[in-house]
Amino acid sequence: MKEYFAKAHSIQKQIAKLVEITPIEKNVTTVVGIDVSYRGNLAFGCLVKWDVKKEKVIELVKRKFEVKFPYISTLLMFREGPILLKLYRESDRDGDVYLINGHGLLHPRYAGLATFFGVITGEHTIGVAKRLIRGLQAKIVGDVVYLNERELGVIYRPRSVKRHLYASIGNKVTIGDIRRVLRKCDRGFKLPEPLRLAHIESRRMLKNENL
DNA sequence: GCGACAG
DNA sequence: ATCTTGTCGC
């Protein structure tokens, strides 16, 4: 068991080495959100591509999966990563940036779900999470989240919403990019619009499975 | 043993 | 994440 975790950690460190912290450069016109809901070993995944200017969904991919890997905090990429990749491969793969439910570099080995997905696909990715990973030695100054003196995330406070979220660099984005992208997706709800829509749809799929 | 856990 | 009713507040 101990060796199993050592191997998993080793893989995560390799992933972390491949991260690029570079600006998006291009003008962001489409933002993709991906979310997964679970019931037992069934997973219902949904990918939503959202047009920022039209404020409309322009692509929707959804599918049911069977999952075997358990949920283990800090090892989420092994459970949910494969699902995200399958949804991505069935999509147009042309989103300007991808929002993932979970952390990016705000992770003990700099290998959160959003980082994994970004490194494997080469896409620009941002991790969005409700809470910081427990035990993580992160420091918060203003709305910036530091890990080992490195500026890796920001606290996202949607307008008119009490609860805040933690957004972090997944791959190929800067803190400035994260601020700009999330501001574009702020529709007054807790979650950025593409993620909110993906969440609603994946939940709906799960619910309808009973019928 | 008990509670907590990025989802 | 999911299991779950009513209830308080905007």
Side-chain angles (χ1 to χ4, degrees), chain A residues 1 5 8-9 11-13 15-16 19 33-48 62-88 98-120 125-140 145-147 152-171 178 182 187-192 194-210:
Chain A
M1 204 67 198
F5 279 95
H9 292 181
I11 291 170
Q12 292 187 317
K13 288 172 188 171
I15 296 279
V19 174
I34 314 179
D35 190 37
V36 182
S37 293
Y38 297 93
R39 192 180 60 198
N41 62 339
L42 289 182
F44 302 83
C46 179
L47 178 155
V48 168
K62 51 181 180 177
R63 202 150 80 70
K64 179 171 81 171
F65 303 87
E66 201 167 321
V67 289
K68 295 183 177 177
F69 202 93
Y71 170 73
I72 302 171
S73 179
T74 74
L75 296 186
L76 181 59
M77 50 175 260
F78 296 106
R79 175 173 170 82
E80 201 162 311
I83 293 174
L84 301 187
L85 292 177
K86 282 169 190 160
L87 289 169
Y88 173 74
Y98 288 72
L99 301 183
I100 305 297
N101 253 327
H103 290 293
L105 295 181
L106 289 181
H107 180 283
R109 288 166 296 281
Y110 307 102
L113 180 62
T115 296
F116 167 81
F117 180 77
V119 164
I120 300 297
T125 64
I126 296 170
V128 178
K130 296 176 192 66
R131 302 183 296 274
L132 289 174
I133 292 176
R134 267 187 134 67
L136 194 71
Q137 299 296 307
K139 290 178 183 174
I140 297 172
V145 186
Y146 295 85
L147 187 55
L152 301 181
V154 294
I155 293 180
Y156 169 56
R157 298 179 184 283
R159 54 182 171 83
S160 321
V161 178
K162 287 180 184 176
R163 277 291 298 165
H164 60 266
L165 301 171
Y166 298 90
S168 62
I169 296 170
N171 190 36
I178 295 178
L182 292 185
R187 301 274 290 164
F189 295 101
K190 180 179 68 176
L191 289 174
L195 270 184
R196 188 180 74 89
L197 297 173
H199 181 72
I200 291 172
E201 181 55 29
S202 67
R203 292 280 309 182
R204 198 186 66 75
M205 291 168 68
L206 183 152
K207 185 185 173 191
N208 289 349
E209 198 68 9
N210 279 326

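All chains are named by letter (A, B, ...) in the order of the sequence lines, taking the proteins before the strands, and each is independently numbered beginning at 1.
- The minimum heavy-atom distance between A:His107 and A:Thr74, with the atom names listed, is NE2-O, 2.9 Å.
- Taking atom CG on A:Leu206 and atom P on C:dT2, their separation rounds to 6 Å, with Å as the unit.
- Using a 4.0 Å heavy-atom criterion, one finds that A:Ile100 contacts no nucleic acid atom at all.
- In this structure, OG in A:Ser73 is found 10.0 Å from CZ in A:Arg134, a value given to the nearest 0.5 Å.
- Both thresholds, 5.5 Å between centres and 30° between ring planes, are not jointly met by A:Tyr71 relative to the base of C:dA1, so the two rings are not stacked.
- For the pair A:Thr74 and B:dA6, the criterion of a side-chain N or O lying under 4.0 Å from OP1 or OP2 is not met.
- Straight-line distance from the OH atom of A:Tyr166 to the P atom of B:dG7: 11 Å, rounded to whole Å.
- Atom pair A:Glu80:CD and C:dT2:P shows a separation of 11 Å (rounding to whole Å applied).
- Distances shorter than 4.0 Å separate some side-chain N or O of A:Arg134 from OP1 or OP2 on B:dC5.
- OP1 or OP2 of C:dT2 sits under 4.0 Å from a side-chain N or O of A:Ser37.
- To the nearest whole angstrom, the two C1' atoms, one in C:dT2 and one in B:dC5, are 14 Å apart.
- A ring-centre distance under 6.0 Å is not found for A:Tyr38 and A:Tyr71.
- The side chain of A:Arg203 lies closest to C:dT2 when the candidates are B:dA6, B:dG7, C:dT2.
- Rounded to whole angstrom, the span from the CZ atom of A:Phe189 across to the P atom of C:dC10 amounts to 19 Å.
- Under a 3.5 Å cut-off, the side chain of A:Glu80 and the backbone N or O of A:Gly102 do not form any donor-acceptor pair.
- Tested against A:Phe116 for a side-chain contact (heavy atoms from CB on, under 4.5 Å), the candidates A:Leu84, A:Leu76, A:Ile11, A:Leu85 yield a single pass: A:Leu85.
- With rounding to whole Å, A:Arg79 atom CZ is found 13 Å from B:dC5 atom C1'.
- Atom P of nucleotide B:dA6 and atom CZ of A:Phe78 are separated by 17 Å, given to the nearest angstrom.
- Atoms NE2 (A:His103) and P (B:dA6) sit 7 Å apart, rounded to a whole Å.
- Taking atom NZ of A:Lys162 as the reference point, atom C1' of C:dC8 lies 10 Å away to the nearest angstrom.
- Here A:Leu113 lies in heavy-atom contact (under 4.0 Å) with a base.
- Taking 4.0 angstrom as the limit, A:Arg131 places a side-chain polar atom (N or O) nearer than this to OP1 or OP2 of B:dG7.
- The same atom, C1', is picked in B:dA4 and in C:dA1; the two are 14 Å apart, to the nearest Å.
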